[in-house]
Undergrad: 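Supplied in structure tokens, the structure appears directly below.
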Amino acid sequence: MFAIVRSMEDAFVPDRSETLDPSDWTKFRDLAHRVLDDAIDYLLGIRYQPAWRGVPDWVKSELREAPPEDGQGAESAYHEFQRLVLPYVYANVHPRAWGWVIGVGTPQGIVHQMWTAALNCNVFGAEQSPDYVEERVLNWFKEKFGFSSACSGLLVSGTSMATMTALAIARTAMLGNHVVTEGLQGEAKPVALYCSDEAHFSVAKAVALLGMGTNSLRRIGVDENFRISIPELLTRISKDRENGYAPLCIIGNAGTVNTGATDDLEQLASICARENLWFHIDGAFGALLKLSPPLRPIVSGLEKADSVAFDLHKWMHIPYDAACLLTRHPEHHRATFSSAGAYVERHQRGISTGISYIDYGIETSRPFRALKIWWALKENGFRKYAGMIERNVEQARLLAYLVDREPQLCLLSANLNIVCFQFAPAGLAEPGVSELNRELLYRLHETGVAVPSYTELKGRFAIRVAITNHRTTSDDITLFVREVVRIGSDLAASS
Ligand SMILES: *Cc1c(COP(=O)(O)O)cnc(C)c1O
């Protein structure tokens with residue numbers, strides 16, 4: 001507590017004219033318009049730029065600067081950005097950026113984000129229109145995914161966060177509300193959760209952070225198509241029950257990160273119903289197949305999940321970050337996250353009458369993620385996104401065909417939008433092939449031709465192309481295959 005002053009003179013605060021607002025709004029307006037033009041030009045020209053450029057040592061050392069005590073001004077700071085940052089961004093906005101699973105964004109997203117920044121909303125539970133925009137976006141996806149409007153959901157930063165949130169709800173639902181207060185301390189039996197070997201690492205992280213320990217996560221083997229082995233899963237569940245474990249949840253994959261495989265979600269749903277387990281789906285990108293009539297059958301059963309986690313910043317190209325969690329158990333959702341405090345109580349009138357998002361997740365302060373999603377969906381419509389997804393799947397099919405046809409290339413997996421292969425010239429055996437492909441991958445990156453990533457399949461190093469890119473054309477695919485063969489042949493000849 002500070003001492004209360006006793007006179008007006010002592011309480012007087014000199015009215016400094018300085019704020020964080022621009023001192024010259026006209027100058028600021030000019031700069032803002034120029035920045036917008038530069039950003040649009042950047043996207044217009046991106047196809048003609050390398051997809052990747054390494055960060056030079058001089059840039060890294062200049063970025064290691066001391067904390068700036070006095071500002072250098074807007075113009076000069078922007079100039080520094082253009083000089084030190086802009087040229088060395090991994091251009092996942094490039095038409096041949098196919099590494100990991102990364103969305104491309106849109107030019108319209110710049111505009112949506114301008115208003116997001118200007119409003120600078122905190123969507124935690126004040127009575128305001130943004131809260132209803134989020135509710136609307138959640139309801140659209142509930143409808144698309146076959147969840148009733150009574151289900152609950154939340155926009156979050158990514159599928160990792162959505163899965164963490166979902167597994168917290170699963171824990172409460174399966175063990176009871178007392179886990180919120182007691183944790184797992186008093187549980188009679190240790191829990192067990194199930195996912196395939198191919199599940200994303202974020203699942204194990206969530207299990208660890210929820211106090212269940214990664215050893216409780218049973219990693220079940222996969223079949224030849226990288227889908228969870230149902231017989232092995234059933235055996236493991238019954239063995240666990242015999243051994244005194246309490247099976248809690250199955251985590252199914254709709255599109256694995258390695259190969260794009262989707263588990264048999266119908267079977268998993270019926271196993272969960274029969275065994276009384278929570279059914280969670282990691283549908284980071286694959287869940288969106290629900291939007292496409294021809295592709296929808298692949299994720300049949302998704303609508304039966306107790307919870308599903310998926311990204312909007314990957315295959316929907318909403319600017320980072322944007323992801324969604326849906327669950328058909330709002331009561332367990334609220335029991336897990338309800339947030340108490342006199343300062344956030346709901347009131348009959350005034351600012352605290354709206355939806356209380358803090359009762360549904362981990363974050364308190366939350367950005368207005370819904371605006372860029374709502375705006376983009378209204379602009380483009382769901383049908384257009386479905387078309388973009390279908391085209392990427394066709395492009396992956398084209399790539400698989402070209403790889404299969406090329407005698408020096410060996411197709412390791414092709415599923416959905418993900419193709420894994422090796423350059424494997426006649427006469428070269430492992431580990432030589434994997435070594436050569438590692439070098440080939442680096443050359444592709446360093447020349448900036450294209451950015452695939454990599455993985456390991458059945459002990460072999462694979463070049464991995466994951467197409468979540470609305471800018472990719474079939475010419476990009478043929479150019480890529482040509483360059484792979486050209487660089488690969490050079491490497492093979494010189495080794
Ligand atoms: C990307 C991805 C994740 C993690 O999602 P984030 O949005 O990066 O948190 C989880 N699972 C799969 C299958 C993914 O592709």
Side-chain angles (χ1 to χ4, degrees), residues 90 92 97-105 109 141 153-168 193-210 214 217 219-220 222 225-228 249-263 265 268 279-290 298-299 302 305 307-326 361-363 366-367 369 372-373 389 392-393 396 413 415-420 451-455 457 464-469:
Y90 160 43
N92 53 279
W98 303 314
W100 301 289
V101 185
I102 302 193
V104 174
F141 281 99
L154 193 70
L155 295 178
V156 292
S157 60
T159 292
S160 307
M161 183 59 113
T163 288
M164 166 94 184
T165 309
L167 293 186
L193 300 90
Y194 306 83
C195 65
S196 88
D197 267 342
E198 294 286 308
H200 193 265
F201 60 76
S202 55
V203 174
K205 252 191 221 181
V207 170
L209 288 169
L210 290 166
T214 53
L217 185 62
R219 292 197 159 261
I220 309 296
V222 292
N225 295 316
F226 302 97
R227 294 150 60 104
I228 191 166
C249 172
I250 296 176
I251 297 111
N253 295 301
T256 59
V257 65
N258 264 344
T259 68
T262 295
D263 294 331
L265 303 178
L268 294 185
F279 184 24
H280 175 68
I281 294 179
D282 174 352
F285 58 98
L288 295 164
L289 297 179
K290 271 279 183 219
I298 299 172
V299 289
L302 181 133
S307 56
V308 55
F310 58 99
D311 277 318
L312 300 167
H313 52 215
K314 287 179 177 171
W315 232 351
M316 293 283 287
H317 307 295
I318 302 299
Y320 283 95
D321 53 18
C324 187
L325 154 78
L326 296 178
I362 300 163
E363 293 172 311
R366 302 171 66 247
R369 294 192 180 98
K372 58 197 177 185
I373 306 167
I389 288 169
N392 284 165
V393 172
S413 85
N415 203 342
L416 211 57
N417 58 327
I418 302 183
V419 176
C420 297
V451 180
S453 63
Y454 47 85
T455 192
L457 292 180
R464 174 182 165 287
V465 172
I467 315 175
T468 45
N469 193 322

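Small disclaimer: the values here were computed from a predicted structure and weren't measured. Ligands are counted one by one from 1 in listed order, and the atoms in each one are counted from 1 as well.
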Undergrad: The criterion is ring pair (Phe, Tyr, Trp, His ring centres under 6.0 Å); which residues satisfy it with Y320, sequence neighbours excluded?
TA: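 Checked Y320 against ring pair (Phe, Tyr, Trp, His ring centres under 6.0 Å); matches are H313.
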
Undergrad: Taking salt bridge (Lys or Arg N to Asp or Glu O under 4.0 Å) as the definition, give me every residue that meets it alongside R369, ordered by chain and number, with sequence neighbours left out.
TA: D321, E363

Undergrad: Restricting to side-chain contact (heavy atoms from CB on, under 4.5 Å), what partner residues turn up for A284, sequence neighbours left out?
TA: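 Only T159, D282, D311, K314 meet the side-chain contact (heavy atoms from CB on, under 4.5 Å) criterion with A284.
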
Undergrad: Please tabulate, line by line, the atom pairs linking an N/O of ligand 1 to a protein N/O at a distance below 3.5 Å, with the distance in Å to 0.1, or answer 'none'.
TA:
from: ligand 1; atom 1: 5 (O); to: D311; atom 2: OD2; distance (Å): 3.3
from: ligand 1; atom 1: 7 (O); to: T159; atom 2: N; distance (Å): 2.9
from: ligand 1; atom 1: 7 (O); to: D311; atom 2: OD1; distance (Å): 2.7
from: ligand 1; atom 1: 7 (O); to: D311; atom 2: OD2; distance (Å): 2.8
from: ligand 1; atom 1: 7 (O); to: H313; atom 2: NE2; distance (Å): 2.9
from: ligand 1; atom 1: 9 (O); to: T159; atom 2: N; distance (Å): 3.3
from: ligand 1; atom 1: 9 (O); to: S160; atom 2: N; distance (Å): 2.9
from: ligand 1; atom 1: 9 (O); to: S160; atom 2: OG; distance (Å): 2.6
from: ligand 1; atom 1: 11 (N); to: D282; atom 2: OD1; distance (Å): 3.2
from: ligand 1; atom 1: 11 (N); to: D282; atom 2: OD2; distance (Å): 2.6
from: ligand 1; atom 1: 15 (O); to: K314; atom 2: NZ; distance (Å): 2.9

Undergrad: Okay, side chain of N469, backbone of W98: is any donor-acceptor separation there less than 3.5 Å?
TA: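 The answer is no, because no donor-acceptor pair under 3.5 Å joins these two groups.
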
Undergrad: Which pair of non-hydrogen atoms, one from W315 and one from F285, has the smallest distance, and what is that distance?
TA: CE3-O, 3.5 Å

Undergrad: When you look at L288 and F141, which way does the side chain to side chain contact (heavy atoms under 4.5 Å, CB included) test go after all the steps?
TA: CA-CA 10 Å; L288 295 164; F141 281 99; 4.2 Å; yes

